[in-house]
Amino acid sequence: MKNRHSYNIFDILSMMITAGIVLFILFTLLSIIIGGLPYLKEALRSREVWFSIGLSIYTASISTSICVLLAIPCAYGLTRTAMPFKKASQIIIEMPLALPYLVLGLCLLVVFSSDFGKALKNLGFKVVFDRKGIIMAQLTVNLPFAVRLMKNAMSQIDNRLEFIAGTLGASRWERFYTILLPLCVPSIIMMIVLVWSRALGEFGATLMLVGVTRMKTETLPASIYLNISTGENGMAMACAIILLVISAMSLAVTTLLGGISKQHTRIKDVNQ
Amino acid sequence: MVSAIEVKNVFLKMGDFQLKNISFDIHPKEIFAILGKTGAGKTLLLESIAGFYRSMEGGIFLEGKNVLDIPLTERKIGFVYQDYGLFPHMTVRKNISYGLKTQKRSKKEIAEKVGHMAEIMSITHILEQYPDTLSGGEKQRTALARSLVLNPGVLLLDEPFSALDPVTKAIMYKELLKINEQFDCAILFVTHDFTEAQKLARRIGIMDKGCLKAVRNSDELFDYYQNDEINQFFGIMKGDCI
């Protein structure tokens, strides 16, 4: 049977706004792609671009691994334990989500330039103007986001299942790794993909903490910035295409995983 | 004789709802029903008995010991929720063997016990299936098997038959009576079905608005009460008084 749609003014208006947003995003992305494509070959031959790709992937992978290792127990603490000041802790952890990344970078710069930072440097842990600083900046920007994702995932898992497991003799640790963790796996994978791609594109906090030095602290976003500031717009756009491709790939993985865990609804079309 | 479950002056506040001064006891091997309308607080009471909430006032004692003083892993209770609470990422076999594995039983013993329990519950043919693919009756049998395989002292059932069709219900009634005989465990179940409560339990507690209004032998369930709300619940008129 053919679907018969009737449109009212509100429907038409919302569809026009949606189409406008789609066109705007397409236009901006296409302008970079069209402008950068002629330079892509040259960019892919450049040692500097490969350095920035390598550094971006390296730092994003390390900061994502640390994020996962910290976010899972933190989310468990916030959702499954009776820890004191839970609400306050949650607000503090999520506060950086509402802050500009430049401000976060400035905070890090102040901390790691202080006596504490200098003591760390003397112990061999140099952060300011160093690769470790990139990882630290990505971690600071992404950890609250990762905790929030994991907290939402764990909140959605029925805690009665863990209670039942407890009545069957499972310790808290066993309940965590045999019930909660396996049920969170799709969310964990999605968190890894999202955090990794966000880390790959992180620039604001990194700029404040480690600056942008060619072939030293030059990540892909930093490479775009350097190329633009030296007037090499074509190379900047080519780097942007590389970043776009990597981000699109991670988005595709996320969508695929989201599709697997998505619940189907019986109400497909509300058209009254 | 120590009661299998003793509930003493329990108060528990959950949001706007409250369990108020609830007291009753259940004898070893007894089948006891808690009967009440939806929203009466039946599930909350059942969860309190299992020790789900630490903030309650009063005391709940399992074989004489305060439930909150017994670690969850040592309470020896079987709990079956209305939606059965099967672990969705495990097959029926893994669901049933879960408790045995946490007790570090040998593989041979686990296989034997799971096989035996599956036979008793007539679920041998679905052992490798996941919960999502099971019917209501199969899920319930699996949940019961998972609890019973550990020989619990007390079995707590939250509206266990409400999602079943009449035929499966009749079969499961017989199964429950058989379980009570075979496994020597006290059974406490909550329901809103008068017939079900009367058919299965020897004594019945009637709950309304967070209070336990009365405890009656099942053959006296429809006798006149000194409480108008209960009489209204059962549709009893004053002339019905015996």
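Atom set for the values below is all heavy atoms of this structure, side chains included, hydrogens, waters and symmetry mates excluded. Below, read A as the first sequence line, B as the second, and so on, with proteins coming before strands; counting in each chain starts at 1.
Not a single donor-acceptor pair under 3.5 Å links the side chain of Thr102(B) to the backbone N or O of Ser171(A).
Heavy-atom distances place no part of Ala82(A) under 4.5 Å from chain B, backbone and side chain included. Residue contact with chain A, scored on non-hydrogen atoms closer than 4.5 Å, involves the side chain of Tyr81(B) exclusively. For chain A, the nearby part of Leu86(B) is the backbone; its heavy atoms alone come within less than 4.5 Å. Contact of Ala50(B) with chain A is made through backbone and side chain together, with heavy-atom distances under 4.5 Å. Only the side chain of Leu150(B) comes within contact range of chain A, with heavy atoms under 4.5 Å apart. Looking at Arg146(B), both its backbone and its side chain come within 4.5 Å of chain A, counting heavy atoms on both sides. Using a 4.5 Å cut-off between heavy atoms, Lys94(B) makes no contact with chain A at all.
Counting only heavy atoms from C-beta outward, the side chains of Ile164(A) and Phe87(B) approach each other to under 4.5 Å. Annotation: side chain of Leu72(B) is in contact with side chain of Arg175(A) (closest heavy-atom distance under 4.5 Å). At a threshold of 4.5 Å between non-hydrogen side-chain atoms, the residues Leu161(A) and Pro88(B) count as touching.
Other residues, nucleotides and ligands contribute over 12 non-hydrogen atoms within 6.0 Å of the CE atom of Met83(A). Atom CZ of Arg80(A) has more than 12 heavy atoms from other residues, nucleotides or ligands within 6.0 Å. For Glu181(B), the CD atom sits in a loose shell: 12 or fewer heavy atoms of surrounding residues, nucleotides or ligands are nearer than 6.0 Å. The 12-atom threshold is exceeded at NZ of Lys86(A), counting heavy atoms of other residues, nucleotides or ligands nearer than 6.0 Å. Atom CD of Glu63(B) has 12 or fewer neighbouring heavy atoms from other residues, nucleotides or ligands inside a 6.0 Å radius. The environment of NZ in Lys209(B) is sparse: at most 12 heavy-atom neighbours from other residues, nucleotides or ligands sit within 6.0 Å. The number of heavy-atom neighbours closer than 6.0 Å to NZ of Lys169(B), taken from other residues, nucleotides and ligands shown, is above 12. Atom NZ of Lys13(B) has more than 12 heavy atoms from other residues, nucleotides or ligands within 6.0 Å.
A distance of 8.0 Å separates CZ of Arg160(A) from CZ of Phe52(B), quoted to the nearest 0.5 Å. Separation of atoms CG (Leu168(A)) and OG1 (Thr73(B)) is listed at 11.0 Å; rounding is to 0.5 Å.
When all heavy atoms of Arg75(B) and Phe163(A) are compared, the closest pair comes out as NH1-CE1, 4.5 Å.
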Let me see the working for Thr178(A) and Lys101(B) under side-chain contact (heavy atoms from CB on, under 4.5 Å), right down to the final yes or no. CA-CA 11 Å; Thr178(A) 60; Lys101(B) 278 184 188 162; over 6 Å; no
